[in-house]
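Heavy atoms only: backbone and side chains are in, while hydrogens, waters and symmetry mates are out.
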Amino acid sequence: MRLYLTIVFSVLINNAKCLRFDNTNTQFTTLPYAAIKGRLLQMAKSYPDLVKVWNAQDYYNLSSPGTCGEERCEQWFAQITNHRTIEAHPERPEVFFSGSVHGNERVGPTTTVEFAELLVENYKHGSNEWLQWLVDSRSIWIMPNANAHGYYSNVRTEHGIDPNRDFPYGRSARQCMQTVCARALNELYRDHMFQLAITFHGGMKAIAYEWGSPNHPRGSDASPDDNAMASLGSLMKKFSSETYYPEGKLNSIVYPVWGGMEDWAYASSWDTKFATPCEADGYPRSKTVYDDSMLRTYNILVETANMKAPYDSTMGSSSFVLQNAGASSDGHVPRNIRLCLALADLVQPYVRWMDKISVDTTGYELVNSTELSFSWDIGGGLALTETKLFILPAEESEIEACPTEISYNLRNRVINGSSTISMSTNGQTTTGTIWNTVLTQRSKTPSAYSQEWSPFRPRFQRNGYQFPKGGKWLVFAGARVDQSWGAESPDAHPKIPPQAHVARARNTEGYYKTNNGKIVEGHSWWLSKVRCIEVPSPSTLVPLATTLESTTEEVSTITTTAASQLTDSDTIVPQASTLATSTESEISSSLSPTETQSPTPTHSTTDLDITNSRSSVLTTQPFSAPTSSNSPSTSSKHGSSTSPSTSSRPGTSSPTQKSTSKHDTTAKEKPPTIQFSTIQSGVSQGAMSKGILIVVAIISVVILLVVGVIMIVRKRQVRYAVLETEQVSMNTLYETNPEVNY
């Protein structure tokens with residue numbers, strides 16, 4: 001036993017020591033090439049279900065750029081996501097972070113490694129739901145040392161060639177793809193569909209976006225995606241540290257270059273006039289011929305500091321890494337980790353339920369009421385246009401089991417279905433998205449793993465929704481965000497609609513692009529996961545009023561019986577009967593109107609017609625404190641997998657081509673509702689067989705106990721009243737006939 005405890009405590013202590021973002025205030029330092037490689041391999045070993053690593057030499061059969069110490073230099077890269085579910089979700093949005101295209105610019109590599117460590121350590125050891133969500137719902141790629149030889153040697157170039165002038169945009173065929181750095185990045189982009197990316201640099205301070213090439217000079221450097229780029233750039237500036245970074249277009253705040261990674265990754269799939277295939281020695285020309293889907297990335301250049309290699313004392317620490325606007329422990333690494341988090345979140349909108357629910361084996365929620373409340377939150381977007389609840393009856397194929405995925409047909413039913421009931425905020429969007437919370441977080445626990453740092457809130461809530469009838473229902477929360485991203489910028493060069501995947505997918509229903517088994521899919525409405533709810537029929541509910549009325553009858557019977565026993569005098573019985581009648585009246589009058597009514601539904605002024613071909617609209621107010629709970633709180637912890645990390649090519653699944661259609665907008669009419677006026681407690685035996693929610697059961701028991709106590713008190717009052725009446729009558733008889741022995 002002593003040995004066993006020693007081993008257990010040793011493991012716990014070792015694990016505690018290796019965590020970097022708890023309360024230990026880890027000081028960041030610039031990581032050398034060997035340490036970066038070692039950290040990536042260790043993460044893959046410690047978290048095989050979250051991290052997989054490869055090097056470009058083995059994976060893409062690229063040559064090494066030279067030697068790094070006693071071994072060949074390699075471009076290592078990693079994917080951070082929930083690998084247990086990734087193969088089933090080729091549409092999972094992809095983001096990319098490059099650490100060092102220039103080898104002597106040192107902040108980026110350390111930032112990308114520490115960012116990855118933050119995500120995976122929190123997933124296994126922390127409780128920050130936001131960070132866990134990013135791992136589950138995003139595919140995050142990092143290449144800390146794209147210029148591996150330059151980074152090891154602490155020089156800008158790769159053997160004298162600048163990798164950030166080596167991409168096939170505005171370059172001649174013989175002047176591109178000469179460096180292994182550019183080739184490694186090219187291979188990675190060809191394999192994926194990165195919607196957002198950061199390439200870290202140094203030597204100045206800037207957050208800069210397209211255009212950044214001489215064919216779009218200053219003053220004419222607004223891209224077709226300028227609306228989206230300016231919006232995201234402004235957010236990044238605020239989240240990193242309000243005043244630290246200037247932000248703007250590359251040509252305006254940095255300088256234009258030909259062959260830069262930024263414009264190449266953004267425009268090479270559609271601006272083919274300047275995207276010329278390369279004819280480099282030892283590298284196939286076909287590798288720089290791009291299809292319509294490969295390169296539409298909003299690729300952001302971040303110049304991290306005026307010094308290319310800042311002092312370690314300015315790199316910052318892990319304490320308050322999520323606190324923006326210049327915390328006392330802020331520094332280069334925390335500041336830029338926040339930029340990575342921003343892009344990982346904003347790559348795609350999402351809607352999350354904030355209610356804790358219980359489901360049965362078929363995925364349906366266990367409820368015991370026709371009236372439910374719903375709360376949700378919205379992320380992945382900045383400007384909220386509209387949010388709604390969508391409620392529709394389950395079809396026959398959905399009765400046996402709740403659908404786990406939103407198919408094309410189900411989505412179409414939700415948004416355009418004739419039987420869908422919709423509820424809207426009617427433009428009340430003052431509560432915004434999670435970024436209203438993220439941008440205001442201050443002075444919390446130093447541990448980034450803490451749930452206190454999660455921005456998720458029940459920001460929107462619909463209280464007391466009355467289901468029109470019993471049965472099985474599907475409920476979704478939906479949102480439309482960032483409508484300006486899809487609008488054509490008046491200053492755009494060329495004057496064409498937005499071209500980046502991230503902007504086109506955000507508001508376009510039916511937008512569908514695929515590359516190498518990866519999918520970018522667009523929507524006009526972003527929906528939550530489905531909540532499947534089985535609503536009991538009103539006839540199966542036993543109203544509390546019935547229990548109260550039967551108890552009243554029992555008290556009345558007891559009172560009448562007590563009075564009827566005093567029949568020896570004509571003066572006793574009338575008094576007792578009168579008292580019994582008045583007591584019953586008092587008890588009945590003490591009940592509220594809803595408690596004495598039968599459970600017959602009463603309709604509001606607008607009757608519900610669920611077959612109406614136009615959706616109805618109800619006002620949903622921004623979040624206020626909930627008045628009641630409708631389900632027990634049950635939280636699920638992420639499971640772990642012991643599947644080993646491999647360096648083989650990840651499996652890809654062929655995308656299924658989906659048909660597209662334009663959807664009608666939802667009509668806004670007066671809400672149909674049905675009100676049930678009865679306090680409903682208790683269930684039929686049929687409902688009992690499915691299990692009663694713990695909270696509802698406890699509340700019901702408490703109510704019944706309170707009612708029981710009230711009835712007992714009433715019963716005693718009646719008995720005392722009868723006895724008192726009897727005593728008064730006896731005294732009267734005694735006074736009348738004092739000589740009689742009673």
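A cation-pi arrangement is not found for R296 relative to Y266, the charged atom failing to lie both closer than 6.0 Å to the ring centre and inside a 45° cone about the ring normal. Both tests hold for R531 against W353: distance to the six-membered ring centre under 6.0 Å, angle to the ring axis within 45°.
Among residues two or more places apart in sequence or in another chain, the side chain to side chain contact (heavy atoms under 4.5 Å, CB included) test is passed with A305 by Y244, P310, H332. Scored by the salt bridge (charged side-chain N to carboxylate O under 4.0 Å, His left out) test, D345 finds no partners at all (sequence neighbours excluded). C340 pairs by the disulfide (SG to SG under 2.5 Å) definition with nothing, not counting sequence neighbours. A search for side chain to side chain donor-acceptor pair (under 3.5 Å) contacts involving S484 returns nothing, not counting sequence neighbours. Residues that satisfy the side chain to side chain donor-acceptor pair (under 3.5 Å) test with Y364, not counting sequence neighbours, are absent from this structure. Taking the side chain to side chain contact (heavy atoms under 4.5 Å, CB included) definition, one finds that A230 meets it with Y209, sequence neighbours left out. Shown here are the side chain to side chain donor-acceptor pair (under 3.5 Å) partners of H501, two or more places apart in sequence or in another chain: Y511. Applying the side chain to side chain contact (heavy atoms under 4.5 Å, CB included) rule to P109 yields the partners I36, S100, P144, N145, Y151; only residues at least two apart in sequence or on another chain are considered. Every residue two or more places apart in sequence or in another chain that forms a side chain to side chain contact (heavy atoms under 4.5 Å, CB included) with P349 is listed here: V481, R506, W526. Residues that satisfy the side chain to side chain donor-acceptor pair (under 3.5 Å) test with T110, not counting sequence neighbours, are absent from this structure. In this view, E210 satisfies the salt bridge (charged side-chain N to carboxylate O under 4.0 Å, His left out) rule with no residue, not counting sequence neighbours. Residues that satisfy the salt bridge (charged side-chain N to carboxylate O under 4.0 Å, His left out) test with E114, not counting sequence neighbours, are R20, R39.
S524 and E509 form a side-chain donor-acceptor contact under 3.5 Å, judged by distance and modelled atom types alone. Residues S139 and Q79 bring a donor and an acceptor atom of their side chains to less than 3.5 Å of each other. Inspection of the N122 and N128 side chains reveals no N or O donor paired with an N or O acceptor under 3.5 Å. Between the side chains of Q348 and Q195, no donor N or O sits under 3.5 Å from an acceptor N or O. For the 3.5 Å distance criterion, the side chains of S454 and W133 fail to qualify, holding no donor opposite an acceptor. Counting only N and O atoms by type, the side chains of H83 and T81 include no donor and acceptor under 3.5 Å apart. A donor-acceptor contact under 3.5 angstrom links the side chains of T85 and R92, judged on distance only.
Side-chain atoms of R462 never come within 3.5 Å of backbone atoms of S373 as a donor-acceptor pair (strictly under, hydrogens ignored). Between the K249 side chain and the A222 main chain, no donor and acceptor come within less than 3.5 Å of each other. Not a single donor-acceptor pair under 3.5 Å links the side chain of E121 to the backbone N or O of G126. The closest donor-acceptor contact from the side chain of T304 to the backbone of H201 lies under 3.5 Å. Of the possible donor and acceptor atoms, none in the side chain of Y465 sits under 3.5 Å from a partner among the backbone N and O of E371.
With rounding to the nearest 0.5 angstrom, the CG atom of L382 is 4.5 Å from the OG atom of S231. Going from atom CD1 of I519 over to atom OH of Y512 covers 3.5 Å, rounded to the nearest 0.5 Å. Taken from OG1 in T111 to CZ in R106, the straight-line distance is 12.5 Å, to the nearest 0.5 Å. Atom NE2 of H125 and atom OG of S447 lie 12.0 Å apart (nearest 0.5 Å). For the atom pair L301 CG and T199 OG1, the distance stands at 6.0 Å (nearest 0.5 Å). Between the OG1 atom of T437 and the CG atom of D377 there is a distance of 7.0 Å, given to the nearest 0.5 Å.
Taking the six-membered ring where tryptophan is involved, the planes of F97 and F115 are perpendicular, since the angle between them exceeds 60° and thus also 30°. Taking the six-membered ring for Trp and thresholds of 30 and 60 degrees, F194 and H192 have nearly parallel ring planes, at less than 30 degrees apart.
Proximity of P90 to K518: side-chain heavy atoms (C-beta onward) are nowhere separated by under 4.5 Å. Two residues are said to be in side-chain contact when any heavy atoms from C-beta on lie closer than 4.5 Å; L410 and V414 meet this criterion. Side-chain contact check for I80 versus Y123: every heavy-atom pair is 4.5 Å or farther apart. Using a 4.5 Å heavy-atom threshold, the side chains of P246 and K205 count as touching. In this structure, E105 and F200 have side chains that are not in contact, with every pair of non-hydrogen atoms separated by 4.5 Å or more. Side-chain contact between Q483 and N507: present, with at least one pair of heavy atoms (C-beta onward) separated by less than 4.5 Å. Residues F390 and V475 are not in side-chain contact: their nearest non-hydrogen atoms beyond the backbone lie 4.5 Å or more apart. For the pair V135/V120, no side-chain contact is recorded, criterion being any heavy-atom separation below 4.5 Å from C-beta on.
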**Item:** Check against salt bridge (charged side-chain N to carboxylate O under 4.0 Å, His left out), R84 and D136
**Value:** CA-CA 9 Å; R84 294 166 295 178; D136 281 329; 5.2 Å; no

**Residue pair D225, Q499: steps toward the side chain to side chain donor-acceptor pair (under 3.5 Å) verdict** = CA-CA 6 Å; D225 288 273; Q499 297 296 306; over 6 Å; no

**Request:** Show your reasoning for whether side chain to side chain contact (heavy atoms under 4.5 Å, CB included) applies to M354 and F374.
**Result:** CA-CA 8 Å; M354 297 307 297; F374 302 92; over 6 Å; no

**Request:** Take F239 and V438, measure what side chain to side chain contact (heavy atoms under 4.5 Å, CB included) needs, and give me the verdict at the end.
**Result:** CA-CA 8 Å; F239 190 39; V438 173; 3.2 Å; yes

**Item:** Stepwise ring-ring contact (aromatic ring centres under 6.0 Å, His included) test for W525 and F476
**Value:** CA-CA 11 Å; W525 279 94; F476 299 83; over 10 Å; no

**Request:** Might you work through the side chain to side chain donor-acceptor pair (under 3.5 Å) test for T30 and D312, ending with a clear yes or no?
**Result:** CA-CA 6 Å; T30 302; D312 280 349; 3.2 Å; yes

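Nearest heavy atom pair, residue I434 against residue G379, reads CG1-CA, 4.0 Å. When all heavy atoms of A206 and V254 are compared, the pair lying nearest together is CB-CG2, 4.3 Å. In plain terms, the two heavy atoms of P224 and P497 that are nearest each other are CB-O, 3.5 Å. The minimum heavy-atom distance between S528 and I406, with the atom names listed, is O-CD1, 3.4 Å.
A salt bridge is defined here as a Lys NZ or Arg NE, NH1 or NH2 lying under 4.0 Å from an Asp or Glu carboxylate O, and D330 with R338 meets this definition.
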